[in-house]
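Any value given below was found using the heavy atoms of this structure, including those in side chains, with hydrogens, waters and symmetry copies removed. In what follows, chains carry the letters A, B, and so on, assigned in the order in which the sequence lines appear, proteins first and then strands, with residues in each chain numbered from 1. Just so it is clear, the model here is predicted, and its values are computed rather than measured.
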Amino acid sequence: MSETRAIIYWLRRDLRLADHPGLAAAAASGRPVVPVFIHDESVAALGAAPAFRLGLGLERFGATLGDMGSRLILRRGSAPAVLQALIAETGAGAVWWTREYTPQAITRDSALKTALQQAGIEARSFGGALLFEPWTVETGAGGFYKVYTPFWRAVSQREVSAPDPAPARVRPPEAWPGSEALSDWGLGAPMRRGAAVVATHQAPGEAAALERLDRFIATGIGQYDACRDLPAGDGTSTLSDALSLGEIGPRTLWHRAGEAAHKGAQGAETFLKQLVWRDFAYHLMYHTPHLLSENWRPGWEVFPWATDPADPGFVAWTRGRTGVPLVDAAMREMYVTGRMHNRARMIAASYLTKHLMVHWKLGMDWFADCLTDWDPAANAMGWQWVAGCGPDAAPYFRIFNPETQAKKFDPKGRYRNHWIAEGQAEPPRAALSYFDAVPRSWNLRPDASYPPPIMALDQGRRRALSAYASAFSQGSDGKLA
DNA sequence: TGGCGGTTCCA
DNA sequence: GGAACCGCC
């Protein structure tokens, strides 16, 4: 006798219908499906911007499910307790979900799987969040990759199964269990001032993400090589926030970019490499979870990072008042829009960890609070890469000079002028919006004068280099894994 | 997915 | 005098 009891489909960071193997399987089973999102500890730990963005995503995805006769049930609590209660209320016989790969999620989900199975409930997890499961990519010696280029070579020729189409129907249960109201969760309340800007810059939801992808494939990807490094332009896909919530799946991007590459689109290969960087970050996090919280390379404990959040350099950096225009523009863009251009991220991160010698974890935590596309694996990898203590890291002496970078990538100052009001007779609206978004306690005014550099660039560079030299003078040079 | 200061070599 | 290149940080 085949199973007919309902499936509880636990949604986490996979708020989409298409390219969603677990949901496709649940829909295809013909069994009733109870989609649920749980406001658990992991949601409570989100920073302001990602929480705000999650709220928008949940609203959209709930509406999408509603349009097809289903629902998104919202519950607050620890996942095992919530799921247990839902099983009791609905008589469901299964809990299915898409795998996540943070160490906390793996611990939580494997314990849950055991508990459910002991209770006679089917527990099933699916792929779909990544192109390649982390345990399926191995070096010739049977280890995991620590350098990107070999990782790329190992996976770039692989077959990636075609994305599942969106299910036409997800069978509802006979009776719906109760749901909490999204508005009661208060997601995004701290983003109230910047919120309107974020919402207008980036429409949430799967349909909007697919539209952005269509536009990017049609007109953007051909220019990607030439334009992706210009922070003032729109040369990037702007899909990172959707990707971080799973509003769009990586296989969809892989196949669409692959088709574009096949048609000879310049830049498609570069875009695919960027997409695979995301998988590489998850690969590293899976195999070495300390990537998230500690210097990935041993020996870096001795490096004299500043670790006090009250450090004046760190405070100036967070407030976009370092006196380095490209860095400040980047920090302000992020504070107002929840987004920061990729090249600007590298420059801002390099400036913080090298010129200001502030610990990458402080910078990463600030990003975690400010970025709507927040992704722990990608950010930990990126910050450690910039700081020099990460896998495949830039050698310690690779220090971005914000002025040189500005000459190369913002030659006319468009990006800097777009975000920095001080000193402009008629500042653009975006630059002014920063002063509406920041807390009053920061005491910033657009008509104040722009600050002089808090640290001379050549002095900061030399200080960082000599700190590295003395920290690693004993032979443990921090460059070896 | 660097920057810097040096040298060479040509205008 | 400056682009191009190189070795080192």
Side-chain angles (χ1 to χ4, degrees), chain A residues 145-153 156 223-233 235-237 240 266-281 283-284 291 296-297 299-300 303-304 324 326-327 330 340-357 360 363-364 367 375 377-411 415 453 455-480:
Chain A
Y145 285 99
K146 303 176 188 73
V147 179
Y148 179 68
T149 304
F151 180 85
W152 162 257
R153 272 200 292 269
S156 59
Q223 321 295 317
Y224 191 64
D225 284 333
C227 300
R228 71 191 187 95
D229 275 323
L230 307 176
T236 62
S237 72
S240 59
Q266 289 284 327
E269 170 102 350
T270 312
F271 182 75
L272 281 167
K273 279 189 182 163
Q274 290 299 118
L275 179 65
V276 170
W277 268 104
R278 176 178 172 274
D279 260 63
F280 183 53
H283 176 83
L284 289 170
L291 173 75
W296 190 84
R297 284 170 199 272
W300 276 74
F303 190 78
V324 180
L326 186 53
V327 171
M340 190 195 293
H341 189 279
N342 177 252
R343 176 146 296 267
R345 293 184 197 204
M346 291 190 284
I347 296 163
S350 171
Y351 178 78
L352 182 73
T353 56
K354 309 272 164 103
H355 289 89
L356 300 183
M357 277 178 55
W360 59 270
M364 188 174 80
F367 273 27
D375 178 306
N379 275 276
M381 180 189 67
W383 275 96
Q384 296 224 43
W385 180 85
V386 168
C389 53
D392 197 14
Y396 72 86
F397 47 78
R398 190 178 289 161
I399 297 174
F400 287 80
N401 179 329
E403 285 177 356
T404 309
Q405 292 285 315
K407 282 194 190 91
K408 272 198 211 172
F409 301 114
D410 188 35
Y415 182 66
M455 166 67 75
L457 292 180
D458 59 337
Q459 186 195 339
R461 178 172 188 278
R462 282 200 307 269
R463 184 179 70 162
L465 287 173
S466 63
Y468 284 107
S470 47
F472 298 120
S473 61
Q474 307 301 326
S476 68
D477 65 0
K479 282 178 282 184
L480 304 171

Exercise. Do the side chain of H355(A) and the main chain of M455(A) share a donor and acceptor less than 3.5 angstrom apart?
Worked result: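 Such a contact is absent between H355(A) side chain and M455(A) backbone.
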Does N379(A) reach the main-chain N or O of M364(A) with its side chain, forming a donor-acceptor pair under 3.5 Å?
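Not a single qualifying donor-acceptor pair exists.
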Could you state the atom-to-atom distance from [atom1] of [X] to [atom2] of [N] in whole Å?
X	N	atom1	atom2	result
D225(A)	dT1(B)	CG	P	12 Å
H355(A)	dG3(B)	NE2	P	10 Å
K407(A)	dG2(B)	NZ	C1'	14 Å
E403(A)	dG3(B)	CD	P	11 Å
Y148(A)	dT1(B)	OH	P	11 Å
Q459(A)	dC4(B)	CD	C1'	17 Å
M381(A)	dT1(B)	CE	C1'	11 Å
Y396(A)	dG3(B)	OH	P	16 Å

Of the nucleotides [options], which one has an atom closest to the side chain of [X]?
X	options	result
F397(A)	dT1(B), dC9(C), dG3(B)	dC9(C)
Q405(A)	dT1(B), dG3(B), dC9(C)	dG3(B)
N401(A)	dC9(C), dG3(B), dG2(B)	dG3(B)

Exercise. Pick base, sugar-phosphate or nothing for K408(A), based on heavy-atom distances below 4.0 Å to the nucleic acid.
Key: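 Contact class for K408(A): sugar-phosphate only.
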Practice task
Return the minimal non-hydrogen interatomic distance between P304(A) and A467(A), and the atom names on each side.
Solution key: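 In this case the closest contact between P304(A) and A467(A) is CG-CB, 4.3 Å.
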For the ring pair W300(A) and F472(A), is the centre-to-centre distance below 6.0 Å?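 So the answer is yes for these two rings.
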